[in-house]
Protein chains: 2
Amino acid sequence: MTHHLLDYATRIREQGFRLTPQRQLILDAICEGDQHVTFEEICRRVQAKSSAINQATVYRTLEFLSKLHLVTTAEISGDKVYEIATETPHHHLVCRSCGAVESLADSFLSELSARLRQEYHFKTELSHLVITGVCAKCGGDNG
Amino acid sequence: MTHHLLDYATRIREQGFRLTPQRQLILDAICEGDQHVTFEEICRRVQAKSSAINQATVYRTLEFLSKLHLVTTAEISGDKVYEIATETPHHHLVCRSCGAVESLADSFLSELSARLRQEYHFKTELSHLVITGVCAKCGGDNG
DNA sequence: TTCGTTATTGCAGTTTTTTGCAATAAGGTA
DNA sequence: TACCTTATTGCAAAAAACTGCAATAACGAA
Ligand SMILES: [Mn+2]
Ligand SMILES: [Mn+2]
Ligand SMILES: [Zn+2]
Ligand SMILES: [Zn+2]
């Protein structure tokens, strides 16, 4: 279990929203997945537990959870994926050649953030950035 | 005119593909737009010149031009936008609060790139990155 | 615990995006 | 120039994503 139901309940309710069984199931479905989960996977998991949840609800819930920053999303090699948002954000290196997805600590972007703040007075909110390129293994060729 | 037809013709043909009137019109449509153009805008412009171009063709062409790196794309505040790819890439700062879109020189990312290459042997191919945050104007509040 | 307000869901479209396939035409070759 | 190969288009149908609205149910207040 990657998420703590109580926290979520609180964070949802203190904004005037409601914690429904559908939302719980969808949160669970995202947690159970291996890091990044697609819409189809979420639907599959949700329906396995409670068959009668409408897809429209899943679409709306994912958008809702994203807006509340309880879930983070990204497009990785053409697929839109979802993931439970953790305390400290992380990012990814994605290889254009072999598709490998590596994680990158948020600290890697702090210099960039600092500079943007200094030079542009722009306060970055970098969460779940996807950086494409060619990984070590795919190295010299194919580039 | 932001693009040079001859260059495009060459770059398309030397990969074994064909330069069709549809592709020319779509390239023109993207050029005529003000930097970032949406799918609807492209369709509107294209159809103004030659009414009978199928939307499926526009979808397929945009994907085609992206793959050839003749066109670059990004999702800015929920809208997918297209733009002619230039010699040197650029990126954007997008304000979550007021929606302002500012351009960012590629050089801002060279330190990050260098570090990823050193520490991960990962060769970044950063083109048209979108960095969200809060702009100078929107500053302290709303954050 | 009961009630009332209103956020949320399910349903049934509607719109957007993708896809298969036959017809067309780009562009290399003779 | 005429012809051939096959990349590309248009069409129609399918799949995916989004919406409006009436019915439902979460949850704070009494
Ligand atoms: Mn992730
Ligand atoms: Mn741009
Ligand atoms: Zn790789
Ligand atoms: Zn702003």
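Residue numbers begin at 1 in each chain, while the letters A, B, ... track the order of the sequences.
A:H90 and A:S103 get closest at one heavy-atom pair: CD2-OG, 4.3 Å.
B:R44 has no carboxylate O lying under 4.0 Å from a charged side-chain N of B:E40, or vice versa, which leaves the two without a salt bridge.
Nucleotide C:dA26 holds its C1' atom 11 Å from the CD atom of B:Q24, rounded to whole Å. The distance between atom CG of A:L25 and atom P of C:dG10, rounded to the nearest whole Å, is 10 Å. With rounding to whole Å, A:N54 atom CG is found 14 Å from C:dG13 atom P. Residue B:Q22 contributes atom CD, which lies 10 Å from atom C1' of C:dT24 at whole-angstrom precision.
Counting heavy atoms from C-beta on, the side chains of B:H36 and B:E41 never come closer than 4.5 Å.
Taking 4.0 Å as the cutoff to heavy atoms of chain B, we find the contact window on DNA chain D bounded by D:dT5 to D:dC11.
DNA chain D lies under 4.0 Å from at least one heavy atom of each of the following residues of residues 55-67 of chain A: A:A56, A:Y59, A:R60.
Panel note: side chain B:Q47, backbone B:I53; a donor-acceptor pair is recorded below 3.5 Å.
Aromatic ring centroids of B:Y59 and B:F64 lie 6.0 Å or more apart.
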Review item, nucleotides 27-30 of chain C N/O atoms under 3.5 Å of protein N/O:
unit_1	atom_1	unit_2	atom_2	d
C:dG27	OP1	B:R13	NE	2.6
C:dG27	OP1	B:R13	NH2	3.4
C:dG27	OP1	B:L19	N	2.7
C:dG27	OP2	B:R13	NH2	3.1

